[in-house]
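Below, chain A is the first sequence line, B the second, and so on; all start at residue 1. Hydrogens, waters and symmetry mates are skipped; everything else that's a heavy atom, side chains included, is used. The shown structure was predicted, so the numbers you read here are calculated from the model rather than taken from an experiment.
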Number of protein chains: 2
Amino acid sequence: MNNSGEYNRDSDLSLKLLVVLTRALESIEKQIVKNIKSYKLNLTEFAVLEVLFHKGDMPIQKIGQKILLATSSITYVVDKLENKNYVKRVASPTDRRVIHATITKEGKALMAEIFPKHKDALTEIMGGVDVSEKEWLVEHLKRLGLHAKNL
Amino acid sequence: MNNSGEYNRDSDLSLKLLVVLTRALESIEKQIVKNIKSYKLNLTEFAVLEVLFHKGDMPIQKIGQKILLATSSITYVVDKLENKNYVKRVASPTDRRVIHATITKEGKALMAEIFPKHKDALTEIMGGVDVSEKEWLVEHLKRLGLHAKNL
DNA sequence: ATTAAATGTCTCGAATTCGAAATAAATGAG
DNA sequence: CTCATTTATTTCGAATTCGAGACATTTAAT
């Protein structure tokens with residue numbers, strides 16, 4: 001292995017894999033955006049609500065780690081969600097630097113309506129591969145991502 | 001199949017797959033950005049140069065299709081690359097609405113230096129899975145993406 | 001040939017994201 | 001305890017992206 005032939009094959013496949021990975025995610029995200037647009041939410045707002053809906057209160061910074069966004073961007077998104085009354089800020093009782101974002105009653109009601117639909121829609125969107133292929137994909141994309149992250 | 005148990009498994013896997021897909025691409029892109037930053041290029045500028053370097057002249061709009069960006073965004077990126085003398089605009093001889101972007105001598109020289117390094121680096125970055133796994137990933141991500149696109 | 005519809009590019013304003021700097025609070029070293 | 005360092009959030013300015021509208025040109029229909 002790692003002779004010139006193998007090596008070029010690996011390189012070419014890596015280039016190709018980057019392209020298909022990018023295109024697949026692009027297509028999937030476009031479909032999701034289409035589905036949540038009627039609720040006047042963009043992908044980031046939806047992601048924040050989803051995290052709070054399922055995991056409960058969370059400091060601003062931790063939300064950023066969950067959804068892969070800079071802390072300053074979370075400030076911006078939480079501002080928007082607060083204006084829409086889906087989220088409110090609550091000071092941490094134990095650490096006065098920390099602000100927790102909490103989902104409101106309205107936010108919960110919205111997500112209770114949207115999330116099941118989103119889940120069903122996503123299952124449709126991901127219908128190009130079957131259950132066992134998804135398992136394989138999850139496992140190997142996890143490896144791919146972890147290796148890339150820890151370089 | 002498609003009894004309630006299977007269905008929920010499929011849904012949960014679909015949600016999970018979206019997360020790992022997003023994280024994997026995020027980690028990979030961050031590594032690429034790190035590698036090309038020393039040449040003062042961002043991912044989009046690099047992508048445009050790469051396309052022109054390998055496919056030759058191309059109308060503004062077609063570049064947008066290749067790298068999945070709105071035409072107005074390509075205008076912006078080509079402006080930047082033109083200011084850096086890596087690209088120039090050439091009117092189409094056959095259709096006076098069309099502008100071709102062409103890579104300059106300087107652009108070619110830059111890419112001749114960067115691209116092989118990028119290719120090697122990407123092969124490293126993608127080292128979390130082996131060649132046959134990459135083949136499988138390419139095939140199935142293509143299916144996944146096409147199905148999502150054509151919904 | 002004339003008109004209507006479609007296409008390609010650019011401009012503009014709005015939205016989103018980032019990173020650096022500012023501020024406030026907590027932690028650690030001595 | 002006190003000072004320096006670290007951590008959490010926000011603010012600010014810059015960069016990037018999109019979509020709608022403007023404009024010029026081409027294509028299609030009659």
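- Counting only residues at least two apart or on different chains, the ring pair (Phe, Tyr, Trp, His ring centres under 6.0 Å) pairs with a member in residues 54-78 of chain A are A:His54-A:Phe115.
- With B:Thr22 as reference, A:Leu25 is the one residue of A:Ile67, A:Leu141, A:Leu25 to meet the side chain to side chain contact (heavy atoms under 4.5 Å, CB included) rule.
- Residues passing the side chain to side chain contact (heavy atoms under 4.5 Å, CB included) test with A:Lys16, sequence neighbours excluded: A:Val20, B:Val138, B:Lys142.
- Sorted by first and then second residue, the salt bridge (charged side-chain N to carboxylate O under 4.0 Å, His left out) pairs with a member in residues 99-116 of chain A read A:Glu113-A:Lys117; sequence neighbours excluded.
- Under the ring-ring contact (aromatic ring centres under 6.0 Å, His included) criterion, B:Phe46 pairs with B:His118, sequence neighbours left out.
- With sequence neighbours left out, A:His147 forms a ring-ring contact (aromatic ring centres under 6.0 Å, His included) with no residue at all.
- Taking a heavy-atom distance under 4.0 Å as the criterion, the stretch of DNA chain D touched by chain A extends 5' to 3' from D:dT7 to D:dT11.
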For this session: Please lay out, stage by stage, how A:Leu144 and B:Ile28 fare under the test side-chain contact (heavy atoms from CB on, under 4.5 Å).
Result: CA-CA 9 Å; A:Leu144 187 68; B:Ile28 291 164; 3.9 Å; yes
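- Within residues 30-68 of chain A, the residues approached by DNA chain D to less than 4.0 Å at the level of any non-hydrogen atom are A:Pro59, A:Ile60, A:Gln61, in residue-number order.
- Every residue meeting the side chain to side chain contact (heavy atoms under 4.5 Å, CB included) condition with B:Lys62, not counting sequence neighbours, appears here in chain and number order: B:Met58, B:Pro59, B:Gln65.
- Looking at B:Arg89 and B:Thr75, their side chains come closer than 4.5 Å, going by heavy atoms from C-beta outward.
- One finds no salt bridge joining A:Lys88 and A:Glu82 here, because no Lys/Arg side-chain nitrogen approaches an Asp/Glu carboxylate oxygen to under 4.0 Å.
- For residues 69-98 of chain A, proximity to DNA chain D is found at A:Thr71, A:Ser72, A:Thr75, A:Arg89, A:Arg97, A:Val98, defined as any non-hydrogen atom under 4.0 angstrom from a strand atom.
- Each end of the helix from C:dA1-D:dT30 to C:dG30-D:dC1 yields a helix axis from five base pairs, and these two axes differ in direction by 30° (to the nearest 10 degrees).
- Remark: A:Ser92 pairs with A:Thr94, A:Asp95, A:Val98, A:His100 by the side chain to side chain contact (heavy atoms under 4.5 Å, CB included) rule, at least two apart or across chains.
- The side chain to side chain contact (heavy atoms under 4.5 Å, CB included) test applied to B:Ala24 returns no partner, not counting sequence neighbours.
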